[in-house]
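These notes are about the structure you will find just below.
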Amino acid sequence: MTTLEIESRNVERKFKIALFEHGIKQKELAEILQTSPAQLNRALKGNTTPRDLELQKKAAKILGIEL
């Protein structure tokens, strides 16, 4: 497994834990961020496109986590 794959999984794990702790579903977070659930899912899985990185930052701020 590459370093990038490991980091992507760590990002995904952080978001899953934060969503659970806040009692928020991905679909609800997508609505808050005004994006599609599919786009948010890609971002939370650690994709590195500019749009995904922006969504990660916004989601992290809402959930109170550091990336």
Side-chain angles (χ1 to χ4, degrees):
M1 187 175 292
T2 67
T3 303
L4 182 59
E5 290 170 327
I6 292 168
E7 288 304 315
S8 291
R9 286 191 180 182
N10 287 340
V11 167
E12 182 180 9
R13 189 174 300 120
K14 279 184 176 184
F15 279 116
K16 281 186 177 187
I17 291 168
L19 286 165
F20 178 78
E21 288 176 346
H22 286 83
I24 299 173
K25 296 182 186 265
Q26 268 191 358
K27 185 176 180 180
E28 294 169 326
L29 184 58
E31 289 172 6
I32 292 168
L33 293 171
Q34 298 178 343
T35 191
S36 71
Q39 178 70 47
L40 181 62
N41 187 47
R42 284 190 297 273
L44 298 188
K45 287 192 176 288
N47 284 1
T48 58
T49 66
R51 174 74 175 138
D52 291 332
L53 292 173
E54 188 62 33
L55 283 173
Q56 287 175 13
K57 289 177 188 176
K58 289 178 180 178
K61 185 175 180 178
I62 290 169
L63 296 171
I65 61 172
E66 246 181 77
L67 298 179

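Annotation: side-chain hydrogen bond (donor to acceptor under 3.5 Å, both in side chains) contacts involving residues 24-38, sequence neighbours excluded, comprise T35-R51. The list of side-chain hydrogen bond (donor to acceptor under 3.5 Å, both in side chains) pairs with a residue in residues 53-65, not counting sequence neighbours, is empty.
Minimum heavy-atom separation, S8 to G46: OG-O, 3.5 Å.
With a 4.5 Å cut-off on side-chain heavy atoms, L44 and L55 do not count as touching.
No path of Ile, Leu, Val, Met, Phe, Trp and Tyr side chains, each step under 4.5 Å between heavy atoms, connects L53 with I62, placing them in separate hydrophobic clusters. Under the 4.5 Å side-chain contact rule for hydrophobic residues, I32 and L40 share a cluster.
A search for side-chain contact (heavy atoms from CB on, under 4.5 Å) contacts involving D52 returns Q39, R42, A43, N47, T49, not counting sequence neighbours.
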Tabulate below the donor-acceptor pairs under 3.5 Å that side-chain atoms of residues 11-19 make, not counting sequence neighbours, or state none.
| unit_1 | atom_1 | unit_2 | atom_2 | d |
| --- | --- | --- | --- | --- |
| E12 | OE2 | K45 | NZ | 3.0 |
| R13 | NH1 | N10 | OD1 | 3.0 |
| K14 | NZ | E66 | O | 2.9 |

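Between E7 atom CD and T48 atom OG1 the span is 12.0 Å, to the nearest 0.5 Å.
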